[in-house]
Amino acid sequence: MENLYHPDPLIQIRNLNVDYITDNGDFRAVDNVSFDIGRGEIFGLAGESGCGKSTIAFAINQLHKPPAFISGGRIVFEGENLLAKSKKQINAIRWKDIAMVFQSAMNSLNPVLSVEEQFVDVMRHHTNCTRDEAIAHAEEMLDLVNIERCRLQDYPHQFSGGMRQRLVIAIALSLKPKLIVMDEPTTALDVVVQREILQQIFGLRQQFGFSIMFITHDLALMTQLCDRVAVMRHGQLVEVNTSKEIRTNPKHPYTQQLWSSFPNIHEAKEAVA
Ligand SMILES: Nc1ncnc2c1ncn2[C@@H]1O[C@H](COP(=O)(O)OP(=O)(O)OP(=O)(O)O)[C@@H](O)[C@H]1O
Ligand SMILES: [Mg+2]
């Protein structure tokens, strides 16, 4: 398959297999998947529900739990195979080098801690900054996602869904990760807030130069935001190409099928009987 690789890779996924071990036998959710994400690149992963997108995202962060099991392949981050590292080494990389914003991330804030405490926890766990430094940094991060500094003392339930989502993203970015994996980061939000948040994230990417792996069901949005897009089906990649090619010249029949499932506002109107 063309376009799987990148001339300046930050992370290289090679022949990755992830199985779920169930009472009915082993199920291969990710089947021999290989691709690179370049430094500073926005890489999209598209495909129907259940095709294995989140399973890849969890494997990259080494956050998969039984019954999920990586049964083969390599995940090479800055030249080092993450699958060969100890739990302690992975913990040092997680958040600091690779951060993740989950599906329904707005619910991943701790409801009994103020936003300030949550920033301080993450910062102090991963760096040797003082509490005051962590708070000063948290204030800067709130500026970036357009939330007033005075809200730091508030608790998650005092924010709207979109604001909570932005808080999670601000916390994920606070350690300046090199890669941020976003698994449907804005699916639960209305389209206006979704666009606003994504525009902020992509603006920050230009400022800080991190790479993004972006998962969404919305192929049109994905091809607007990403540099390259991978299309996945039944655990395998079927096509990887630049957004422009995926949009204007999709080669694989499944990619064409995905497009045809979207209404096209430029097509001639059909009379409704
Ligand atoms: N804990 C589990 N046990 C068994 N099978 C699982 C488990 N979690 C996921 N799977 C299976 O693995 C496959 C891939 O799931 P995954 O969550 O990666 O899909 P996805 O592409 O992220 O879907 P969605 O777009 O709906 O989020 C699915 O067939 C799913 O049924
Ligand atoms: Mg998913």
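Because only heavy atoms are used, hydrogens play no part in the values below, and waters and symmetry mates are left out as well, while side chains stay in. Indexing begins at 1, ligand by ligand and atom by atom, following the structure's order.
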Exercise. Is the number of heavy atoms from other residues, nucleotides or ligands within 6.0 Å of CZ (Arg74) greater than 12?
Worked result: no
Problem set entry | Heavy-atom neighbours of Gln207 CD exceed 12 at 6.0 Å | yes
Can you find a side-chain donor-acceptor pair between [X] and [Y] that sits under 3.5 Å?
X: Arg205; Y: Ser211; result: no
X: Gln153; Y: Ser114; result: no
X: Arg195; Y: Gln224; result: yes
X: Ser34; Y: Tyr5; result: no

For this session: Give yes or no for whether the N/O distance cutoff of 3.5 Å, strictly under, is met between Gly47 and ligand 1.
Result: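 No, since none of the N or O atoms of Gly47 sits under 3.5 Å from an N or O of ligand 1.
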For this session: Indicate yes or no: does an N/O atom of Gly52 lie under 3.5 Å from an N/O atom of ligand 1?
Result: yes
Exercise. Please walk me through it: do Phe43 and Phe35 pass ring-ring contact (aromatic ring centres under 6.0 Å, His included)?
Worked result: CA-CA 10 Å; Phe43 184 86; Phe35 62 89; 4.8 Å; yes
Go through ligand 1 atom by atom and flag the ones less than 4.0 Å from a non-hydrogen atom of [X].
X: His217; answer: 25 (O)
X: Ala29; answer: 12 (O), 13 (C)
X: Glu184; answer: 25 (O)

Seminar exercise, completed: Among Pro66, Ser54, Gly235, the residue with a heavy atom nearest to atom 17 (O) of ligand 1 is Ser54
Problem set entry | Selected option - heavy-atom contact closest to atom 16 (P) of ligand 1, from Val18, Thr55, Asp26 | Thr55
Problem set entry | Partners meeting salt bridge (Lys or Arg N to Asp or Glu O under 4.0 Å) with Asp183 (sequence neighbours left out) |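 None.
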Exercise. Looking at the Mg ion (ligand 2), is one of the N, O or S atoms of Ser54 less than 2.8 Å from it?
Worked result: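 Checking Ser54: at least one N, O or S atom is under 2.8 Å.
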Identity and distance of the protein heavy atom lying nearest [atom]:
atom: atom 25 (O) of ligand 1; answer: Lys53 NZ, 2.7 Å
atom: atom 23 (O) of ligand 1; answer: Gly50 N, 2.8 Å
atom: atom 12 (O) of ligand 1; answer: Tyr20 CE1, 3.2 Å

Exercise. Does any N or O in the side chain of Asn146 come within less than 3.5 Å of the main-chain N or O of Leu142, such that one atom is a donor and the other an acceptor?
Worked result: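 Between the backbone of Leu142 and the side chain of Asn146 there is no qualifying donor-acceptor contact (under 3.5 Å).
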Exercise. Heavy-atom contacts under 4.0 Å between Met232 and ligand 1: side chain, backbone, both, or neither?
Worked result: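 None of Met232 does.
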Exercise. Under 4.0 Å from ligand 1, counting heavy atoms only, is it the side chain of Ser49, its backbone, both or neither?
Worked result: both
Problem set entry | Within-cutoff protein neighbour (heavy atom, under 4.0 Å) for atom 30 (C) of ligand 1 |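 No, there is no protein heavy atom closer to it than 4.0 Å.
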For this session: Please check if a non-hydrogen protein atom sits closer than 4.0 Å to atom 27 (O) of ligand 1.
Result: yes
